[in-house]
Structure formats: structure tokens, C-alpha cells
2 protein chains.
Amino acid sequence: MNEAPMVLVIEDEPQIRHFLHSTLAGGGYRVLEAATAAAGLEYAARQPDLVLLDLGLPDGDGLMLTRRLREWSQVPIVVVSARGQEQDKVAALDAGADDYLTKPFGVQELLARIRVALRHAARVGGAVEEPVFTTGALRVDFAHRQVFVADREVHLTPNEYKLLSVLVHKAGKVLTHRQLLKEVWGLAYANENHYLRVYMGQLRHKLEADPARPAHLLTEPGVGYRFKPE
Amino acid sequence: MNEAPMVLVIEDEPQIRHFLHSTLAGGGYRVLEAATAAAGLEYAARQPDLVLLDLGLPDGDGLMLTRRLREWSQVPIVVVSARGQEQDKVAALDAGADDYLTKPFGVQELLARIRVALRHAARVGGAVEEPVFTTGALRVDFAHRQVFVADREVHLTPNEYKLLSVLVHKAGKVLTHRQLLKEVWGLAYANENHYLRVYMGQLRHKLEADPARPAHLLTEPGVGYRFKPE
DNA sequence: CCGGGGCATAAAAATAACCTCAAGACCGCA
DNA sequence: TGCGGTCTTGAGGTTATTTTTATGCCCCGG
């Protein structure tokens, strides 16, 4: 999440809705408002990071909304309600809500519970696959910043690694001297063609079976270099 | 989970403890009981599926227990407490608790909230952390905050321990100077690279057989450091 | 057949990053 | 207030990396 998390507030009473809005905005969240269950469901399609739901809605039940939402979304749902009966809580929680606050509740507690719910969501969402590039005997593990040739780890210096990264990320494509120099060394070095010769040589030496006859790190005479996968 | 989920109950009052035990057993859970924070931490190493914690413990604070647990475990923690002050709730939730119930609470609500917590944990899946990490002669016991080299305990200062923790938790990965400094010392120290050199030196001195030729605590020049398991 | 451009390779020089040691500041505790 | 442990800071020496310099190859055109 690179921006402020977005909270969808579903609450029919304008007064409370505005109160929640300002509370959340004060807590650093972006806020989306819905006054009815129908509108809430509508807005949920915009994929908010959390839903703050008042159970006492006029049209249709908040419970039903929870269930409908859970059919396709795992967004955290924090319920607030005037009704503090145990059976209400159990029903809401079992319907898919993640937390249940009884009015009146404290602002700080609400914010703390929202933090908890977002913490959970972040853990689930964060399970991204690790990017690993493999071709022939070469393996580049970007997550670990490790490079292997035939299962033997090869140590690369920062510049060597950067250069290889750029080439591998655009595998198959020809990259001009200028492009490579800009990516690895920065704009100011865009004409230092000799750097490339030196570093390509080092990479070939470390990665290629026969550095003089490279299989992957190819020269495109007069233009630049190219990484050729298997 | 092919068996009944195991709940660790940490509660000093025998009466309440027994009550919770029978309630949970009635709900189909296996139960582990601990009467003190110390015992709780001990039992937590057995990797229960959920921790039910009473904040009003005699020895040490329940809050501290929560934080200690969170250093290495992501087990859901449901707090029950006689204290219903908002600041208590916020503190517990921010320390890492997943839910907070104020006594007196209903049995059905407790069970429902436990179901919610287990639902979350199930979604995260097999991300269970081992309470102790072992590789070669090195053993790190996160539950007890103890470190051993060849079965001999080694004393680490707080910063040394934190640094080692971060490295070990991401074993194999290269961690940049910035990342490490942020984790251990905080954002404000993100450029104090020299700290890392000093502390890595101390860790090597204490943990490595040959500090000048480290086997696990490796330097990635120009980038950061990496813990390499066996 | 010579000379120049583009490329490859090796190795020296310069620079940057790192390690070690140790003194002094700081903090919690008796 | 003094003590022990820990953290912070600095200086000097070492190692790794980057940059520069030098040399040779190959191909092509004059």
C-alpha cells in the first residue's frame, strides 16, 4: 500500500457518518461514504482496504450485506452497532465480520481495531511470489540478490549485478550502450562506453562457460548488448 | 489443521482458568493452561493455534508477554481483561493482540471471536514460525531470547540480539544497510552505516568460529549483509 | 600493407567501503 | 553518587570495488 488506506464507511445517520469520516481522516485514512446497504455494496467494488459498517441500516440488513460481501471479497469488515446483545455479535462475527464494536465506543479504540484489521489484511496480501529468473545453467534470484551458475553461487559486485539485472529484465531485447550506462551508472556516464566493455567482460568471465564465446551476454556491434535466454 | 485447534490459556486465577478450560473444551478445542507469564511464554513454544491471555497477571505484564510473543510468533492473541479503559485496549492491540474482551463477557461471544481469530490464521496458512532456529553450531531460541554456540550460551546485548534476529528471520536474503538500520535502530538512523560495522563485528566475534572469515554473517560489499544458513 | 575504429582483456591506480580497536558518553540501578 | 554494562564515536589499517591506463585483436577501407 503506497497510499493511505481507504476505508468505506456504511452508515445511514448523517451525523454519525460525518463523525466517522472526520475521525478516520484524522487518522490518516482516505474515506468513502455510503448511506445505504445497496450503496455500500456498490462502493465495495472499488476495493477499499477496510469496511466500517453500521449494523442498524434501514434498507436491508447489515448482516446480509456482510454475507454478500464475503461471497467475493475478503476485505476486513469492522462492525459498529448500537445493539450490544451477545447474539447480535455472534451472528455478525460468524457472518464474516472481523470485529464488532458496541456504541458508544472510544475513537482511539476504533482506530486501534482498524489498525489490527489492516495488519491482518497486509499479511495475507503480502504473500507474493519471489521473482527468480532461470535460463540454462544461469539462475538469478532477485529477492535474495543471488546469482548461481550450475547451482554454484557467484559473487557479483554492485555494478556487475545492476548491469546483469538490467539485461535480464529486458531479456532478448537489444539495449544500447547509452541505455545501459544510464541505468547502471546514471545520466552523467552516458558516454563512458568503455565501462561497459570492462564490466561485460567481468560478467562473461563469471557467468559464461566460455567467456570468449558468450552464449547469453551478446555483443551487438555498433549498437549495444543483449541478453539472450536459452 | 487435522486435529482440534489447541488454545493456550494464560490466566492466574484458578477459578477463571478452569472456567475457560471447560468452555473451550466444550467448544471442541484442546486446551493448554499456564498460570504465569513466564509459563505462558514457555508453553507458547509448543505452537498453540491461539493464545487466550488475561492481562492482569501477577508476574510481569501481559503487555510485555504480548510483545515478546510477537517477536517470533504470529499466533493469534485474544486478550481478556477486567480493565476496560480505552488506553488499555489500545496498548494491547498495538502491542500485537488481535482482539480484546472486557470482563464480564459472554461465552458465546468469546467463542465467536476465537473463531474469527482462527479464521484469520487459517488464511495466512502454513506461515508458522519455529520458536528456535538452528544451523550448524548456532542456535537461536526466540522464545527465550537466548543464543547458543555449540551448546554454550552466548550473551548478546539488546542491539546485537535485534540485529541477529532480523538477519536470521530473513536468512539467505541480502538485507541492505538501510533496511537493517531501520529495523534495529529506527528510521532516524537509516544512514548510520558505521553502527552496522561495529555491531556486525561484535556478532562475528561472539558467534563465528573465525570472526575474520565468517561462515554465516556475510558482508555484501556496497549493499548490506546477509545471514547464510548451513 | 598500413591505419583507425570498435571491441576485448589485463592490470595498475584511485577511490570507496569495510574492519578493528578503544576511549568516552550514556543509562539504569544499587 | 558510583558502578557495570551498553551505546556511540573516531582513527588507523585493510580489503573490495571502481576507474583509468595500456595492450592486442579483428575487420574494413584507403
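Because only heavy atoms are used, hydrogens play no part in the values below, and waters and symmetry mates are left out as well, while side chains stay in. By convention in this document, chain letters (A, B, ...) are assigned in the order of the sequence lines, proteins followed by strands, and residues within each chain are numbered from 1.
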Atom CG of B/Leu181 to atom P of C/dC18: distance rounded to whole Å? 11 Å

Residues of residues 136-150 of chain A with any non-hydrogen atom less than 4.0 angstrom from an atom of DNA chain C: list those, numerically ordered, please. none

Phosphate oxygens OP1/OP2 of [N]: is one of them under 4.0 Å from a side-chain N or O of [X]?
X        : N      : answer
B/Thr219 : C/dA17 : no
B/Trp185 : D/dT8  : yes
A/Tyr225 : C/dA8  : yes
B/Arg204 : C/dC19 : yes
A/Arg197 : C/dA8  : no
A/Tyr195 : D/dT18 : no

Does A/His169 form a ring-ring contact (aromatic ring centres under 6.0 Å, His included) with A/Phe227? I'd like the steps, not just the answer. CA-CA 9 Å; A/His169 273 124; A/Phe227 184 93; over 10 Å; no

Toward the 5' end of DNA chain C, which comes first, A/Pro211 or B/Val223, by nearest nucleotide? A/Pro211

Assuming nearest nucleotide by heavy-atom distance, tell me which of A/Glu220 and B/Gly224 is located more 5' along DNA chain C. A/Glu220

Let's see if you can work this out: which of C/dC7, D/dT8, D/dT20 has an atom nearest to the side-chain heavy atoms of A/Glu192? D/dT20

Nearest nucleotide by nearest heavy atom, which residue falls closer to the 5' end of DNA chain D, B/Pro158 or B/Pro221? B/Pro158

Any N or O donor-acceptor pair linking the side chain of B/His155 to the base of D/dT6 at under 3.5 Å? no

Taking the six-membered ring of A/Tyr161, is the NZ or CZ of A/Arg145 close enough (under 6.0 Å from the centre) and on axis enough (within 45°)? yes

Where A/Ala121 and A/Pro76 come nearest, the two heavy atoms and their spacing: CB-CG, 3.7 Å

